[in-house]
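Data first, discussion second: the structure below is written as structure tokens.
Values below: all heavy atoms of this structure, side chains included; hydrogens, waters and symmetry mates excluded. Every chain is numbered from 1 and lettered A, B, ... according to where its sequence line falls, protein lines coming before strand lines.
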2 protein chains.
Amino acid sequence: MTDKKLHIINHAVELFAEKGFEGTSIRDLAARAGVNVAMVNYYFGSKEKLFESLVEERASYSRGVLDEIANNASYSDIEKIEHIIDAYINKLFTNRKFHRVLHQEMMLSQRETLAQAIVEILYPNSLIIKGVIEAGIKKGVFRKCDPPLVIASIVGTINQVLLSKRMCIKLLDKEADYVPYDDPSFAIRLSDHLKQLMHAHLLTKS
Amino acid sequence: MTDKKLHIINHAVELFAEKGFEGTSIRDLAARAGVNVAMVNYYFGSKEKLFESLVEERASYSRGVLDEIANNASYSDIEKIEHIIDAYINKLFTNRKFHRVLHQEMMLSQRETLAQAIVEILYPNSLIIKGVIEAGIKKGVFRKCDPPLVIASIVGTINQVLLSKRMCIKLLDKEADYVPYDDPSFAIRLSDHLKQLMHAHLLTKS
DNA sequence: TTAAATTAATTAAACGCTTGTTTAATATTA
DNA sequence: TAATATTAAACAAGCGTTTAATTAATTTAA
């Protein structure tokens, strides 16, 4: 991927996150990126292919970290969950604009194949968490719970505060100019909450 | 609100949920609703005002039920939480297309005043839940937790399985033609999960 | 090393099409 | 008869995309 293509993609992520795919015009994007309107089609072929390139280029942001945690034998099962929570929060906060774009697209029923591709990007993360939970249940360390819905709770909680800044601020009772995603203490607060939630829900009383 | 306006709004909700606001053209909508393209502007003035009318008309779907539960003296605090979970699942499942439209709009940074209005629609629900949780903490019935994030977990879990059918199916490991929202047993499963989650998280060990 | 030849990058302008909206004529209802 | 509802057609503006001309960069050859 050339520098120029990356430059366009980086601005595209921002605009798509703000206005959505249909809501962003190529002229908007070209202006924001400081390039001629024709450059998008010159480099990517079409607006839709630009979007696909964007997803492809950024998709790799997810690999590796969760896997390492899940396979680290020195961690107990609950420690794995805790580290996964931290890694996931960190990952989503860092890539929150791209994450927003993925969710917008996943919610819609247009461009079916692309929506399917996005699910395939996000699903492996769920699968890793699922594996850890099921292993814990099997050993009797975790209570008998509903692994897919436990994942929904972890991911859903993060998404709930990540996807709508406005709602997040209102919920936390903060002033309008507060940016929760720039505040490290908020990430810690979220992490603490999720860890306590999972401790209480997963661990068998002993 | 006349029958004709409601007829148009009902079809608009469906299309907006599928394709988003920008992705839906008035010609699409007119065709789906079986009316002339000019009727939308005749009745609503503009596409954007149609959207506002839609939000206004459907916004009332949320009032009342949660309030009644929160104020019902015959319920214990944890019972209130349980009933709120059921009421909320029922409400969101029943109005899931409208709920999807709200979330799409809330994620974007266009039409700021409308996005703000949507937050004001959804926030009262959170406020009611918050009140119940804080009351429970004060009495010592509930553990000291983080009420705003507890709400994020409840609402976020439901949204996670509600807003992307594709992801939900993948997570549950179901076949592609499965429609979780038409399956009463799934609503029960989700309810059970959330109740167990909140039991474990909120209740003090005694 | 320099000049020509070739390829790549960039531009402003235009293309055809779709968009939301309006108009002016017609049909329906009160 | 007067107000309301409905229609097909047209409107200007914006859309994604293409074109053809120009500039910049790179390669080739002497």
Per nearest nucleotide of DNA chain C, the residue lying toward the 5' end, A/T2 or B/T24, is A/T2

Rounded to the nearest Å, what distance is computed from the OH atom of residue A/Y42 to the P atom of nucleotide D/dT23?
17 Å

Starting at atom CD of A/E22, determine the distance to atom P of D/dC15, rounded to an integer number of angstrom.
13 Å

Check this for me: does any side-chain nitrogen of one of B/E18 and B/R100 sit under 4.0 Å from a carboxylate oxygen of the other?
no

Does this structure show an ion pair linking A/R111 with A/E52, if we count only N-O contacts that are shorter than 4.0 Å?
no

Among C/dT21, C/dA9, D/dG16, the nucleotide that comes nearest once only the side chain of A/K47 is considered
D/dG16

Measure from the side-chain heavy atoms of B/V37 and tell me the nearest of D/dG16, D/dA9, C/dA13.
D/dA9

Parallel, tilted or perpendicular, as decided by the 30° and 60° cut-offs, for the rings of A/H201 and B/H193
perpendicular

A/R27 CZ to D/dC15 C1': how many Å, rounded?
6 Å

Measuring to OP1 and OP2 of D/dT4, would you say a side-chain N or O of B/K4 lies under 4.0 angstrom away?
no

Think A/N36 has a side-chain N or O under 4.0 angstrom from the OP1 or OP2 of C/dT10?
no

Nearest whole angstrom, please: distance from the P of D/dA5 to the CZ of B/F44.
12 Å

For A/S25 and D/dC15, is the shortest distance between a side-chain N/O and OP1 or OP2 below 4.0 Å?
yes

A/Y43 side-chain N/O to C/dT10 phosphate OP1/OP2 under 4.0 Å
yes

Could you tell me the separation between the CD1 atom of B/I26 and the C1' atom of C/dT22, rounded to a whole number of Å?
12 Å

Please say whether the positively charged group of A/K49, taken as NZ for Lys or CZ for Arg, lies over the ring of A/Y43, i.e. under 6.0 angstrom from the six-membered ring centre and within 45 degrees of the axis.
no

Among the candidates D/dT6, C/dT10, C/dT21, find the nucleotide nearest to the side-chain atoms of B/M39.
D/dT6

Only one of A/R32, A/E57, A/R58, A/K97 clears side chain to side chain donor-acceptor pair (under 3.5 Å) with A/N10; which?
A/R58

Provide, to the nearest angstrom, the distance between the CG atom belonging to B/L29 and the P atom belonging to C/dT18.
18 Å

Nearest whole Å is fine: how far is D/dG14 C1' from A/K19 NZ?
13 Å

Between B/G34 and A/A38, which is nearer to the 5' end of DNA chain D once each is assigned its nearest nucleotide?
B/G34

